[in-house]
There are 2 protein chains.
Amino acid sequence: MQTTGEPPGAGHVCTHHRSEASCAECQVRLVSVCAALTGEELGLLEALSQQIHLDPRHALFRQGDDANAVYNVTEGMLRLSRLLPDGRRHVMGFAMVGDFLGLALPARFTVTAEALGPVRLCRFEKRAFAALVADKPHLLQRLHERAGYELTLAQDHMMLLGRRTAEEKVASFLLSLRERYGRIGQTSVTLELPMGRQDIADHLGLTIETVSRMLTRLDREKAILIVPGGVRLLDGGRLESLAAA
Amino acid sequence: MQTTGEPPGAGHVCTHHRSEASCAECQVRLVSVCAALTGEELGLLEALSQQIHLDPRHALFRQGDDANAVYNVTEGMLRLSRLLPDGRRHVMGFAMVGDFLGLALPARFTVTAEALGPVRLCRFEKRAFAALVADKPHLLQRLHERAGYELTLAQDHMMLLGRRTAEEKVASFLLSLRERYGRIGQTSVTLELPMGRQDIADHLGLTIETVSRMLTRLDREKAILIVPGGVRLLDGGRLESLAAA
DNA sequence: CGGTGGCTTGAGTGCCATCAATTCCCGTGG
DNA sequence: CCACGGGAATTGATGGCACTCAAGCCACCG
């Protein structure tokens, strides 16, 4: 029925007035750019924010769209991808709880962001947000720190794409996901993998078949256990040695 | 004699008092983070700056060093690389005139920066520079913009590493280099390639042999002409079609 | 003139992509 | 409750692109 991407049915972006009592009580604040803002700054930010949610498989924005808003993820996960003219795709990464979309306040989005499951976000109209940032160096500071972190993630990923074998890529991917879950307080040994195998493949520069084979191999070797919707990490040490740092 | 990297002889980092009359007369200012600063800001920045130069093959800093300074390149080119524990290397990029090293004001450098030829830089002691940045949002703004640009470069490069063939990689590399030279006013059809084949290979996730083969193939097809120290771009259109966007 | 380092070229191999079924999973309807 | 259908994931067979190993070329230099 559907050829690609677009979900069936009528569900699309829905906006609501905030359901959280306030930013001050937000579960996500401490792991996002909002952390360590003063009470005053937080109040100003809150005044600009609008809570929205996104149904699975729906795009929040697309590569090339002009960016008239920026977002903070408060629930769920999104896939960030870019397309080559000939259709080849690369998944730049996955935005998790606490991640900020539009860090650099770009004129146009350079990636497409699609919900992997139900997603909730704080939306900020860009013009107003940029004005607040210009007025509050402290907030700009936080954005810049975050951008620096993204830059090191990007470097790690370039190293992975350029110089690692398929098995190392998959092992590294699982470990980096565990690390990012850890950062937001999710420390279960069972990793949720809300993205599909094709998404992982396009993230790691592999084919879906190779991803599947490597996961199966890791499972056979008892480093992981494949479970519906994710994997259980059985032998973190072994994964780390396979990831080659 | 030397096993790797380290140059012979006694040449090392040398510091000088500024030889340029002032930042205001700096040739490089308009293409770097210093562009569009007010006269006052420029004066403050100048007071912190120290002009240094670096001999070919010498490291400015190494991956893991604590970053007690940041730099602006005013002449020459540096290779930015990271090492995997087992020795595999990835060249994250090449810093050219106008590029800023230490954008994110990190605690430790995440890459090693080595001079590919004679290099001149403006050095800023990090503590003082950070204090200036904290005081001058305008400067932070510029740094952040630049970081955003670096982030898009990183995304382009990830796409290249993950989803492109050897020939596309080499063609894209030449074009992106031309684009970057263009940004700093170097518009000659002859591209200087101060880095070696191994550096290009480690940048593109290929082997030196493959890089060499692809360059000679492009030469045979009359898309480029290999000349000592660089290449002459004969057929930009052809390169663009080979680069597949 | 031999030595050295960078680059190119050639032959063989291996890892991962490609092509092709098959199985698994899960929601749907009989 | 089970048959059915469709998408996702897995598994198998084959092949090609890029890697590996190795030799040769060339410019430069002591």
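Per chain, numbering begins at 1; letters A, B, ... match sequence-line order.
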Taking CG from A:Asp202 and P from D:dA8, how many angstroms apart are they, rounded to a whole number?
13 Å

Roughly, in whole Å, what's the span from CZ in B:Arg220 to C1' in C:dT8?
11 Å

d(CZ, A:Arg197; C1', C:dC25) in whole Å:
12 Å

Interatomic distance, A:Ile208 CD1 vs C:dC24 C1' [rounded to whole Å]
13 Å

Whole Å only: how far is the CD1 atom of A:Ile226 from the P atom of C:dT23?
18 Å

Contact pattern, 5' to 3', of nucleotides 14-30 of chain D - B, S or - by protein heavy atom under 4.0 Å
----SSBBB--------

I'd like to know if B:Asp99 and B:Arg183 make a salt bridge, using a cut-off of under 4.0 Å between side-chain N and carboxylate O.
no

Listed once per pair and sorted, the side-chain hydrogen bond (donor to acceptor under 3.5 Å, both in side chains) pairs that draw on residues 185-194 of chain A, sequence neighbours left out
A:Thr190-A:Arg232

Output yes when B:Glu167 and B:Arg217 qualify as a salt bridge under the 4.0 Å nitrogen-oxygen rule, no when they do not.
yes

Going by atom type alone, with no hydrogens or angles, which donor-acceptor pairs under 3.5 Å involve a side-chain atom of residues 236-245 of chain B and a protein atom two or more places apart or on another chain?
| unit_1 | atom_1 | unit_2 | atom_2 | d |
| --- | --- | --- | --- | --- |
| B:Arg238 | NH2 | B:Glu221 | OE1 | 3.2 |
| B:Glu240 | OE2 | B:Arg178 | NH2 | 3.1 |
| B:Ser241 | OG | B:Arg238 | O | 2.9 |

Round to a whole Å and report the spacing from CD1 of A:Ile224 to P of D:dA9.
14 Å

Decide, yes or no, whether a salt bridge links B:Asp202 with A:Arg163 under the criterion of side-chain N to carboxylate O below 4.0 Å.
yes

For a quick test of reading the model: is some side-chain N or O of B:Ser212 closer than 4.0 Å to OP1 or OP2 of C:dT9?
no

With the threshold set at 4.0 Å, does a side-chain nitrogen-carboxylate oxygen contact exist between B:Glu168 and A:Arg88?
yes

